[in-house]
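Just the heavy atoms: all of them, side chains too, but no hydrogens, waters or symmetry mates, feed the values below.
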Amino acid sequence: MKGLELCRAYFEAFGRGMLAELEKRYPALRGQMAAGLVGQGSECLGYDDAFSADHDFGPSFCLWLPKELFEQYGTACQQVYDSLPKEFAGYPTRQVTRFGQDRVGVLEIGSFYYRLIGREDAPKSNAEWMWIPESRLSQAVSGEVFLDEAGIFSGIREALLAFYPEDVRKKKIAARAAAMAQSGQYNYARLCRRGEWTGAFLSLQEFLKNTCSIVNLLNRRYTPFYKWMHRSLRDVSVLPEVYGLADQLCEDQDSRSAWRDAQPEDFLFGIINKRDGRAVLIETICQLVIRELMAQGLSDVEDMYLEAHALRVMETIQDPAIAMLQLLEG
């Protein structure tokens, strides 16, 4: 059973009754509590598997309260929560690690969001949106809300799910495109020519990270924590082929001999070493991204180099404060 499914079933079995009991004891809580599973952990993303169950995994859920109610009733609610069965559906007690504390249980709404995105509510301006890491926003909109009659918790969540304002999305797309051009189309080849293989692989890593991010941005989705960046591309509707191409980039290939013995006739357009499968894959991915930038009306430049398209995207940003940021910022 997937973790989110397990926690939903646990809530239906014990959580709804717990909330009814709390409302009976404390009438001020009636209709004011929200419950679900959101935040950190692979189960919130739906990416958990058998390996995930060894820590910070198990039957549980979050119970979110507004600040004033949390201050008055939080301790009492936690005591009731702690009295619920620890094992459920054949799954043992949740094994909590040092870094997995405070992911479930009774939580205050504002503090919960602050811990994830550095603020207690959704951003109000482009500048506020700009500097929240994508991975933190991904956590804040992950998982599922099982119940929220008052809609306070869900109101913030819905504002985050609406995604970046368009100028912020454009700025981040421009930054990722420029980084892909720099790390993949430019520096990877130059480092291979020099025989700087560790540098070449670091460039490849930068290219992959920025590729995962731009594909998610083009799908209007937040990119998760680096561990799950590539996995997040498995179910996208825009550029789904990049998932497999990125996988191929990480396959064992003899790039060293491809560059060591390369002749002028081995280069397409004088720059793409067709003997190096990675160089060809990098260019393939870049051209797919360029095609999508044009399809979304973000660029109209006829150029194979992604940086040219990044600069064109920058020109379409209307907010002067965002437009004046350095190309790679964001």
Side-chain angles (χ1 to χ4, degrees), residues 40 42 45 47 51 99 131-139 171-219 221-236 238-260 262 267 271-290 292-293 304-310 313 326-330:
Q40 298 170 306
S42 57
L45 292 168
Y47 299 162
F51 295 106
F99 298 105
W131 306 115
I132 301 176
E134 288 179 78
S135 62
R136 308 304 288 181
L137 288 164
S138 173
Q139 292 173 355
K171 180 65 195 74
K172 290 182 177 292
I173 286 172
R176 304 301 178 269
M180 289 172 68
Q182 181 192 76
S183 60
Q185 289 180 295
Y186 185 75
N187 278 326
Y188 174 77
R190 289 174 68 85
L191 288 162
C192 286
R193 284 178 182 270
R194 292 186 172 114
E196 292 285 350
W197 303 112
T198 300
F201 273 89
L202 288 171
S203 291
L204 189 64
Q205 179 190 48
E206 286 298 306
F207 177 79
L208 283 165
K209 287 168 59 179
N210 283 282
T211 294
C212 292
S213 178
I214 201 170
V215 171
N216 275 302
L217 288 163
L218 290 168
N219 279 274
R221 303 190 339 170
Y222 301 116
T223 304
F225 177 60
Y226 74 86
K227 178 180 177 180
W228 299 115
M229 276 185 171
H230 179 245
R231 170 63 182 82
S232 71
L233 305 188
R234 191 183 295 176
D235 57 355
V236 296
V238 173
L239 296 177
E241 58 269 60
V242 173
Y243 176 82
L245 294 171
D247 241 352
Q248 292 178 48
L249 266 175
C250 297
E251 291 177 358
D252 188 23
Q253 299 186 40
D254 188 11
S255 296
R256 299 194 182 202
S257 64
W259 287 90
R260 188 181 302 118
F267 290 83
I271 53 173
I272 305 167
N273 184 350
K274 59 187 179 183
R275 294 183 58 196
D276 182 359
R278 290 195 176 96
V280 174
L281 285 165
I282 286 170
E283 196 59 36
T284 301
I285 291 171
C286 288
Q287 297 313 308
L288 287 170
V289 168
I290 288 171
E292 185 58 32
L293 291 174
M304 292 182 62
Y305 192 43
L306 253 178
E307 185 178 282
H309 297 271
V313 174
Q326 195 270 345
L327 179 58
L328 288 166
E329 283 189 278

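- The aromatic rings of W228 and Y47 sit tilted relative to each other, their planes meeting at an angle between 30° and 60°.
- Look at E134 and R176 and you find a salt bridge, because one of the NZ, NE, NH1 or NH2 atoms lies within 4.0 Å of a carboxylate O, short of that distance.
- Residues S203 and N187 bring no donor and acceptor atom of their side chains to less than 3.5 Å of each other.
- Between R221 and D235 a salt bridge is recorded (basic side-chain N to carboxylate O distance below 4.0 Å).
- Counting only distance, with no hydrogens or angles, the side chain of E329 and the backbone of Q326 share a donor-acceptor pair below 3.5 Å.
- Counting heavy atoms from C-beta outward, C286 and F207 have side chains that approach closer than 4.5 Å.
- There is a side-chain donor-acceptor pair under 3.5 Å between Q185 and E283.
- Between the side chains of N210 and S183, no donor N or O sits under 3.5 Å from an acceptor N or O.
- Judged by distance alone, the side chains of Y188 and N273 never bring a donor and an acceptor atom under 3.5 Å apart.
- L249 and R278 get closest at one heavy-atom pair: O-NE, 2.9 Å.
- Residues S135 and T223 have side chains not in contact (no heavy-atom distance under 4.5 Å, counting atoms from C-beta outward).
- K172 places no side-chain N or O within 3.5 Å of a backbone atom of S213 that could act as its donor or acceptor partner.
- To the nearest 0.5 Å, atoms SG (C250) and CG (L204) are separated by 6.5 Å.
- Summarising the local packing, OH of Y186 is surrounded by 12 or fewer heavy atoms from other residues, nucleotides or ligands at distances under 6.0 Å.
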